[in-house]
Amino acid sequence: MIPLSWYLALSAVLFTIGVVGVIIQRNVIVLFMCVELMLNAVNLTLVAFSRFLGDMTGQLFVFIVMAVAAAEAAVGLAIIISLFRNRETLNIDEADLLKL
Amino acid sequence: MSSILNSIDLQFILGSLIKTAVFWICIMIVVAYTVYAERRVLAVIQNRLGPNRVGWQGLLQPFADLIKFIFKEDIIPFAVNKVLYLIAPVVVLVPAMMVLIVYPFGPRNVPLPGGEVLSNMLNNFGNSLGYDWALDLTHIDLFVSNFNVGLLYIFALTGLGVYGIVIAGWASNSKYSLMGGLRSSAQMISYELALSLSVVAVLIPAGTLDLVKIVELQGGTWFGFIPKWNLLALFPAGLIAFVVYLISAIAETNRVPFDLPEAETELVAGFHTEYSALKFALFFMGEYVNMTTVSVLATTLFLGGWQGPLVGTYPWLGLVWFVGKVFFFLFLYIWLRGTLPRFRYDQLMNFGWKILLPAALVNIVIAAVLGVLFL
Amino acid sequence: MLKWIVLAPLIGAIINGFFGKRLGEKLIGLIASASVAVSAVLAFFVFFTKLLPLPVGERLITEHFFTWIKVGNFQADFAYLLDPLSGIYILFITGVGLLIHIYATGYMHGDPGYYRFFTYLNLFMFMMLTLVLADNLLLLFVGWEGVGLCSYLLIGYYIRRQEAGDAAKKAFITNRIGDFGYMIAMFLVFTTFGTISFVAKGDVPSFLTQAAALSPEAIWTFGTMTAIALLLFVGATGKSAQIPLFVWLPDAMAGPTPVSALIHAATMVTAGVYLTARCSAVVVKSPTAMAVMAVIGAATAIFAATIGLAQNDIKKVLAYSTVSQLGYMFLACGVGAITAGVFHVVTHAFFKALLFLGSGSVIHGMHEEQDIRKMGGLKKYMPITFATMMAGWLAISGFPLLSGFFSKDEILWKTWSTESLPHGWGKFLWVIAALTALLTAIYMTRMMVMTFFGASRFGKAHGHDDHHGDHHGDDHGHHGDPHESPAVMWIPLAVLAVLSIVGGFIGVPAALGGSNHFEHFLEPVIAHVAPAGESAHALPVATDHGTPHGAPADHVAAASAAPAHADAHHDVGTERLFTVISVLLGFLGIGIGAAVWLKNPLKPMSKVLENKYYVDEIYETTVIQPLEHTSRDLLWKVVDVRIIDGFVNGAARTFAGLSGILRHTQSGYARNYAAVILIGAIIIIGYFGFLATR
Amino acid sequence: METIHLLFLAIAALAVVSAFNIILQRNPIYSAIGLIIVLCCLAGLFLTLYAQFIAAIQIIVYAGAIMVLFVFVIMLLNVREEESRTDRQKYLKFLAAPLFLALLAEVAVVIRFVNMPAPAIEDPNTAIDPSQSLGTVESIAHVMFTDFVLPFEATSVLILMAIVGAMYLARRDSGEGAERIEQALATDAAQPPVAVHEDSGH
């Protein structure tokens, strides 16, 4: 039997990698993938707790997270495409019109 | 022993391995002879002879082809992305092969001729090594595994196959390949929706995702002569689902009339333009294995799988029925290829999104309503 | 069923409010009247087929619509409650309301705001019915505020007229003052009893039951009871126009006459009496509050009656008359004769609605002339109006066997014979009330005489003055003779006239050979008062919790708390004597009125009376101007401009300065933000990790 | 140390390596492949947690749909290598490693306190009543359509809005980039598209 802490540790590592990826990557698509990685790390936690609590709610949350991720991917990629159309780049640092 | 992977025992592992190997070989033979059959049938349709030189009526032709593929020069073009270029054919074939462990080839507990001798032999061998294996091979199940999300498992793995095509197209670093890969992925994503949704109408009467159970539930007849196939369940939902499934399946496997990704007249050979020799053979096999998979699924979901007359008395007959039904679908593929022209790309997309998908959705509603009323 | 009684007018209001602009006048009138008719029919149906067949002690129908607020142990439902008290109220509200709606379809004919008028009117019906059918104080307050709002909207209905707007504001603000009393009373009820419901909710008995069951020994509670009762009465003085908050009602006559009839005579202004009757269990616990109520009621009655004597606007006369009659009702409540007060509410609704509608008919016929000095001799022009108004006049004057006679007579007798006030007070209040009755007869006679009798004075003085409605009457000839009103207007008049004549027979007192059905009907829901002096000991301890029937017995003030027979030791002979006295007073008043004004219709009146004792002016100098000065010179120029604005602007400047520095963190680089979020997360996790490991 | 532990460690190691692959590769397609591998690893781990349905859905939705979309977009925009523009925030690279370690250390501290025994559960494959077991389609459906109907329906609305939003955002309009994408999508393969990296690498 695999202890719960193993899952949590793996989840934590993956999540942290995702976070660091958001900081060091400049390609907006990869950035996006890092966000997905973080979501997945959380999903692992949810499923693990679902198992260890014997409760289905966690798995249902994973399901909803996936639905949200799908919606997010659709919109996010559409934004990336229009960003690329307008700026000819995928570098996140080039998209800085929001700054003062 | 609380996790799934711990609960497997030797009988299971050994049985599964043997059965997987046997089924794998069978599928490869089926694939090989499907290719042969395709050439012969097309020849008949086109009023020519087709391959008939190697062996009797050219029956050894597939092996000749295999040898030819192996000995061809393996070209790796200069500008390709080598890693991805080499991975792509594998990515196509492996998931396609992996799905066969949930195929329900036949009934449970079929008596294995000579099974007693075999199990005794193996047990003795084990005893001599100091293990008590307690194998019992007198009766076997004609499937590798029943998995309670079997259908989803198939969809998951066939869904992965698209990566091989996309990666192949991208890694080849060639315009034709790229276009082929793009088209293929777009096409497969689009039709996968209709494919998955059409199946839902069948799942309503079945009530399970376990393929073995789905087939077992289709035993028996209505009124003594109409087989209880899902094709006819919740009429007309099952029938509509079947039609939608068939069309989506053909598109999903990139076959005529939906073979846009490898449209010779436009894209040379699509995503595998730059592939040769054994790598090409892998793509080729992947395509035919996928055809087999969707045919098996069609058989299992709609035509009652191995169910048929006299199966109760002679369990091995189930295998025959099963193979027969699968070959019917494979023949249908070839037949369509011989008779239909190719769609245009926009027609293909419009058809998928504007006709098949709504049809599948409406059909789910119909099936749900009928299900509520009659189940 | 109950909810449809309430909702029918709301539906009418919604239809008219949203689509009225596009509907024709006929359709609007039809929708409005039909919606009220539906609720009237339902009300009568429920009352006679559902409520009456129930056994006397258990006449209670509740209907839970939905739970509105539920916080902790506080619960306020949208739930309706029908018992004899609210039953009587819905009957006359829907009945009189329907008649007035029909009347108004004729009266408002040609008005450009036709749909608006009926939307408001229907909304008013909805709110009024919510008020009387509410099963808790908060929902009652919804109706209470709602009718106030509708009153405001309808008083200010002629939006182009300055005085209408002013009157509307005055009514609203004055009512708000009363509402504070109501709200504080509600809070007190909740903190004291833990519920604000009139009926038991689950195992929590209603606050009325709890109040009725208070043991005489629990002296400390009586202060609270007095406070609640007085605060409720403050609310009632606002809504029911008692001293000192009566000033809005006469001004409210700026609204259309059907509104005056419906809201400012028959229904809304009697909400205060309803509230008192509904909460009688609390009120009767406090002799102090009852004494205050009786005194204020009597004072209002005579005060308004004297003012009414000198008014020249036909509607103002009636308005002061209404104030005066409301004073009567509170007098009745104050002396412990709450059923008599409610009885008077009903009869008053008949004859005062009739008088108002009649005056409306007169105004209509006179082309928007309201000054009785410019009328006279109208009886030959408008015979039907005259005949019906005669009935109302005689009823209010106490003419024998008409409705007002019975109710007023009962109040007078109950005042004389009261035992809840200290010895001698009853006699004194009776003198005032009798004087008021005399004055009532006089000024009503004056009004009738100046309007209908004698020579006509409108020929020479007719013209447009400031009372002229801005659009109203454009389709009448400007200089035509007075004319009779159309059938839609006089039919309601006739119905109300009949009711004014025979309406009193529902409550003929025993002394006059009747059986006082009305009082017996209401008795179970009205708490009775113990005689003064022995009140502390005479209060029977309610044993409601033990009654097997639960809800009905648990409801309201509990029949068991009532003394077996209040009139057991009635001196029937004395009561008859007093009846004779009040009849004589009525005739005397009519005689005086006729004698004085038939001879000299334009007899000048005392300036003090004509100017309403300068109450408005007194309020202006003692309350309004100091308030204005404080507001302008202290609150606005010092507190608001210097202190509050200083804070606000200073804060804004501070933040503007700080933002100038902080804005440099807004780099626009998404990764930068992500890094900051990460650092924040690390700090927070670190903090909690630290807490956990400690 | 049982077999299952070794299996877990193998999958976890593959997942972590692939995850690093995502953030350290310069070529987005490798990142995408790294992510796909992580997703498949997680699906495997879900199986060890009795979450078969979630595992299948993980592959179908994440690997089969979402990541295909990513790969599709990468191919559509034809980004081969990270564009060599000046990094305006170089300090972030140096910040990343300490932050990574700090976060990991903290989480490690927290996880040290987690110790929870797993309840015994009927094997979903042999369960007599599948809806009573964990992670089967039946049990998920049971929860989804009883306690969580509203969130589930809300999710469908969300997805619908996402579809509309994506359609609107990605619609073709005039502009240089749009033309290029139009070219890339053009069905006429006789005029192959101009690869982006050839003329935009400056």
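To find a chain, count down the sequence lines: A is the first, B the second, and so on, and within it residues start at 1. Since we're looking at a predicted model, the values are computed, not measured.
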Between side-chain atoms of residues 53-74 of chain D and protein atoms elsewhere (two or more places apart, or another chain), which donor-acceptor pairs fall under 3.5 Å?
unit_1   : atom_1 : unit_2   : atom_2 : d
Gln58(D) : NE2    : Asn40(A) : OD1    : 2.9
Gln58(D) : NE2    : Leu39(D) : O      : 3.4
Tyr62(D) : OH     : Glu36(A) : OE1    : 3.3

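- Across all non-hydrogen atoms, the minimal contact from Glu106(D) to Ile685(C) is OE1-CB, 3.3 Å.
- To the nearest 0.5 Å, atom CG of residue Leu678(C) and atom CZ of residue Phe100(D) are 11.0 Å apart.
- More than 12 heavy atoms of other residues, nucleotides or ligands sit less than 6.0 Å from atom CZ of Phe74(C).
- Atom CZ of Phe148(D) is surrounded by more than 12 heavy atoms from other residues, nucleotides or ligands within 6.0 Å.
- A search for side chain to side chain contact (heavy atoms under 4.5 Å, CB included) contacts involving Leu42(C) returns Met1(C), Trp4(C), Ile5(C), Val38(C), not counting sequence neighbours.
- One finds the CG atom of Leu103(D) at 11.5 Å from the CD1 atom of Ile679(C) (value rounded to the nearest 0.5 Å).
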